[in-house]
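All values below were derived from every heavy atom in this structure, side-chain atoms included, with hydrogens, water molecules and symmetry-related copies excluded.
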Amino acid sequence: MKSYVKSFLLGCIVTIFLWAIIGPTRNYNAEFLQDIFNSNSEDQKILHIGRAHDSLGLDPATETDQESFRVTVNIYDTLVKHSSDGRTILPSLATKWDADESGQVWTFDIRDDVEFHDGSALDAHDIKFNFERWMDKDNPYHAGNFNYWAINFDGFPGIVDQVNVLSDYKLEIVLNRPFAPFLSALTQPAFGIASPDAIKTFNDSLDTHPIGTGPFIFSKWEDHTITLRRNENYWGQVANVHGVVFETIEDSSVRLEKLKSGQLHIADLNYLETIDREFLTSGLRIATRPSFNIGYLALNMNNDYLENKDVRRAIAHAFDRRLMMDRAFNETSKNANTFVPPVLWGHNESLLAPKYDIEEALMLLEPYAGQEIKLDLLVMDTPRNYFPAPIKLGNFIKESLEPLGITADVRIETWKEVIRLKTEGDYDMVLTGWNGDIIDPDNFLFTLFSSNNIGSELSTNYSNYSNPNVDKLLVQARQVLDQDFRTALYRELQEIIQEDMPAIPLAHTTPITVTQGLIGFEPYLSGGDALNYLDLEVDLE
């Protein structure tokens with residue numbers, strides 16, 4: 001430890017010297033931060049994580065993928081946060097909060113002992129600055145697509161009417177109507193508070209220059225590997241480890257071999273391989289998350305065939321669910337009957353998944369008898385949490401539709417390209433999914449089926465589905481505060497959506513993580529694990 005202390009003290013001296021020479025602009029130089037926090041002490045404890053996918057960016061406000069958030073939750077803090085099981089709202093940058101009787105005026109007390117990674121002190125003005133960046137499309141720092149703001153807060157500026165600084169450490173947020181999931185929405189990684197100075201300096205390149213207040217500081221991102229260093233001045237629990245390395249290893253067997261050989265502490269297992277129980281006796285442990293996701297087939301209703309409900313329902317009847325689960329999912333996956341996972345309140349257990357019935361499907365397609373219906377099917381080339389084997393699933397769908405006279409052209413693209421094509425609506429059918437963010441059905445049903453979420457910037461409604469009654473019920477469920485009433489509305493919504501069949505729910509999966517030499521690992525429901533609470537039993541060689 002002595003060598004680490006010496007290195008740290010030397011870093012502090014160098015920091016003071018450079019401040020005197022180049023002034024405060026050094027705060028926003030990523031290379032400078034990397035030099036300061038990349039000491040080579042033999043006493044450092046580095047947490048090594050192997051995952052299937054790289055992040056797409058590190059500006060949480062403009063990202064939507066879980067692998068990006070997985071890193072950013074440890075760089076940025078939100079105003080409030082949720083417990084690991086997602087059921088309790090906890091203080092974060094706000095120590096306490098209150099709402100008036102209308103549920104529209106919220107007051108937050110802000111911590112007075114927080115610094116950004118660039119050394120500037122956080123106050124209520126900084127949080128207001130972030131909110132204005134997110135909500136105002138005319139703001140000069142509103143650079144990129146702020147999809148999570150639009151999805152959660154109903155566009156720009158949407159539900160949020162005003163953000164007022166009452167004092168340096170007291171913030172007021174005024175809504176223009178009640179919004180039941182408001183506090184839960186603020187826990188999402190997309191609303192991590194960034195340094196205003198960093199935003200002003202980097203603006204549209206903040207995704208590679210992340211500066212927040214979190215327990216870890218960004219160091220570097222190269223060769224599909226992201227390195228973070230411990231924030232020694234963190235206001236909360238200072239991390240037990242000195243740094244974290246997120247290494248992208250696409251092949252699951254390679255990840256597991258690296259884990260077994262002592263090169264990783266954490267490895268994701270989202271694939272079909274059965275876990276070798278023998279190596280668990282050697283100190284490896286399995287951790288699972290609840291099935292808090294949905295993998296589904298979105299049917300683009302802008303297509304001339306798919307705008308017909310009978311065609312969509314016929315496709316739903318073409319799938320032998322038992323065969324589908326055997327071919328494309330592992331034993332921990334569950335056949336999905338609706339888009340709200342069973343673990344979530346509001347799930348409608350009375351609904352059944354569309355039954356496998358080729359005769360019924362052909363009867364629905366009688367108006368098209370003799371025609372060959374050609375549809376393209378967009379498929380990602382590598383697994384996601386909700387699809388352990390997307391290419392196998394795509395081929396299963398192709399084979400299943402052939403008896404109906406439907407030819408599916410399977411288009412296999414990278415995940416980044418799939419995101420682009422989904423946003424542009426360039427597909428007839430697409431295999432896609434959603435990992436839950438918060439314990440609220442709104443996060444699934446409003447996100448996936450509100451007509452507000454159709455369009456290039458707001459697109460998460462990949463079916464281009466628009467039903468005025470569904471929209472009305474979704475808005476009503478957001479504004480009513482009584483959870484029993486909201487539950488009834490969401491159950492009704494699931495019935496309507498199943499009748500319309502704009503998309504076909506396929507499966508809920510159980511993401512699996514294998515660990516070794518780790519103390520205190522508790523997988524978060526949403527996948528955004530807080531790494532500052534972990535410690536290492538042994539260092540990797």
Inset, instruction - Determine, step by step, whether Ser291 and Thr510 satisfy the side-chain hydrogen bond (donor to acceptor under 3.5 Å, both in side chains) criterion, reporting the C-alpha distance in whole Å, the side-chain angles of both residues, the deciding distance to 0.1 Å, and the verdict. - result: CA-CA 5 Å; Ser291 298; Thr510 303; 2.9 Å; yes
Legend entry - Criterion side-chain hydrogen bond (donor to acceptor under 3.5 Å, both in side chains) on Thr447 and Asn453, from CA distance to verdict: CA-CA 7 Å; Thr447 300; Asn453 296 331; 5.2 Å; no
Inset, instruction - Applying side-chain hydrogen bond (donor to acceptor under 3.5 Å, both in side chains), run through Arg51 and Gln66 and close with a yes or a no. - result: CA-CA 12 Å; Arg51 54 184 186 160; Gln66 192 175 48; over 6 Å; no
Okay, side chain of [X], backbone of [Y]: is any donor-acceptor separation there less than 3.5 Å?
X      : Y      : result
Asp197 : Lys200 : no
Gln516 : Leu264 : yes
Asp100 : Gln104 : yes
Ser83  : Thr88  : yes
Ser55  : Gly57  : no
Trp149 : Pro157 : yes
Lys81  : Leu90  : no
His508 : Ala336 : no

Inset, instruction - Kindly indicate whether the side chain of Pro60, heavy atoms from C-beta on, has any atom under 4.5 Å from the side chain of Phe69. - result: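 Side chain of Pro60 against side chain of Phe69, heavy atoms only: contact under 4.5 Å found.
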Legend entry - Side chain to side chain, Leu122 and Arg111, heavy atoms closer than 4.5 Å: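 A side-chain contact is absent here, since even the closest heavy-atom pair is not under 4.5 Å.
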Legend entry - Lys/Arg N to Asp/Glu carboxylate O, Arg478 vs Asp442, below 4.0 Å: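 Between Asp442 and Arg478 there is a salt bridge, with a charged N closer than 4.0 Å to a carboxylate O.
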Inset, instruction - Considering only NZ, NE, NH1 and NH2 on the basic side and carboxylate oxygens on the acidic side, decide whether Arg420 and Glu413 come within less than 4.0 Å. - result: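 Salt bridge absent between Arg420 and Glu413.
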Taking only distance into account, with no hydrogens and no angle test, what donor-acceptor pairs under 3.5 Å do side-chain atoms of residues 525-532 form with protein atoms, sequence neighbours excluded?
| residue | atom | partner | partner atom | Å |
| --- | --- | --- | --- | --- |
| Asp529 | OD1 | Arg289 | NH1 | 2.8 |
| Asp529 | OD1 | Tyr524 | N | 2.8 |
| Asp529 | OD2 | Arg289 | NH2 | 2.8 |
| Asn532 | ND2 | Gln237 | O | 3.1 |

Legend entry - Test log, rule side chain to side chain contact (heavy atoms under 4.5 Å, CB included), inputs Thr248 and Glu67: CA-CA 10 Å; Thr248 303; Glu67 289 301 341; over 6 Å; no
In this structure, is the centre-to-centre distance between the rings of [Y] and [X] below 6.0 Å?
X      : Y      : value
Tyr490 : Phe444 : no
Phe131 : Phe153 : no
Phe156 : His142 : yes

Inset, instruction - Test side chain to side chain contact (heavy atoms under 4.5 Å, CB included) on Trp434 and Asn443 and set out the steps. - result: CA-CA 9 Å; Trp434 187 257; Asn443 187 240; 3.3 Å; yes
Inset, instruction - Return the orientation label for the Phe191 and Tyr148 ring planes: parallel under 30°, perpendicular over 60°, tilted otherwise. - result: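 Ring orientation, 0 to 90° scale: perpendicular.
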Inset, instruction - Show your reasoning for whether side chain to side chain contact (heavy atoms under 4.5 Å, CB included) applies to Tyr386 and Leu506. - result: CA-CA 9 Å; Tyr386 38 77; Leu506 299 178; over 6 Å; no
Inset, instruction - Tell me, with the steps shown, if Asp65 and Ser68 meet side-chain hydrogen bond (donor to acceptor under 3.5 Å, both in side chains). - result: CA-CA 6 Å; Asp65 70 297; Ser68 295; 2.6 Å; yes
Legend entry - Sequence-distant partners of Arg486, salt bridge (Lys or Arg N to Asp or Glu O under 4.0 Å), two or more places apart: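 Asp440.
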Inset, instruction - Show your reasoning for whether side chain to side chain contact (heavy atoms under 4.5 Å, CB included) applies to Thr64 and Ile151. - result: CA-CA 11 Å; Thr64 59; Ile151 293 166; 5.7 Å; no
Legend entry - Set of residues satisfying side-chain contact (heavy atoms from CB on, under 4.5 Å) with respect to Lys170, sequence neighbours excluded: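 With neighbours one apart ignored, the set is Thr107, Asp109, Leu166, Ser167.
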Inset, instruction - Inspect the surroundings of NE2 in His224 and state if more than 12 heavy atoms from other residues, nucleotides or ligands are less than 6.0 Å away. - result: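 Atom NE2 in His224 is not crowded, with 12 or fewer foreign heavy atoms closer than 6.0 Å.
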Legend entry - Between CD on residue Gln162 and CD on residue Glu172, distance to nearest 0.5 Å: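 So the gap between those two atoms works out to 7.0 Å.
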Legend entry - Spacing of Asn435 atom CG and Asn385 atom CG [to the nearest 0.5 Å]: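 So the CG of Asn435 and the CG of Asn385 are separated by 5.0 Å.
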Looking at every heavy atom in both [X] and [Y], which two are closest together, and how far apart are they?
X      : Y      : answer
Pro390 : Leu431 : O-CD1, 3.8 Å
Leu259 : Ile266 : CD1-N, 3.9 Å
Gly103 : Leu175 : O-CD1, 3.9 Å

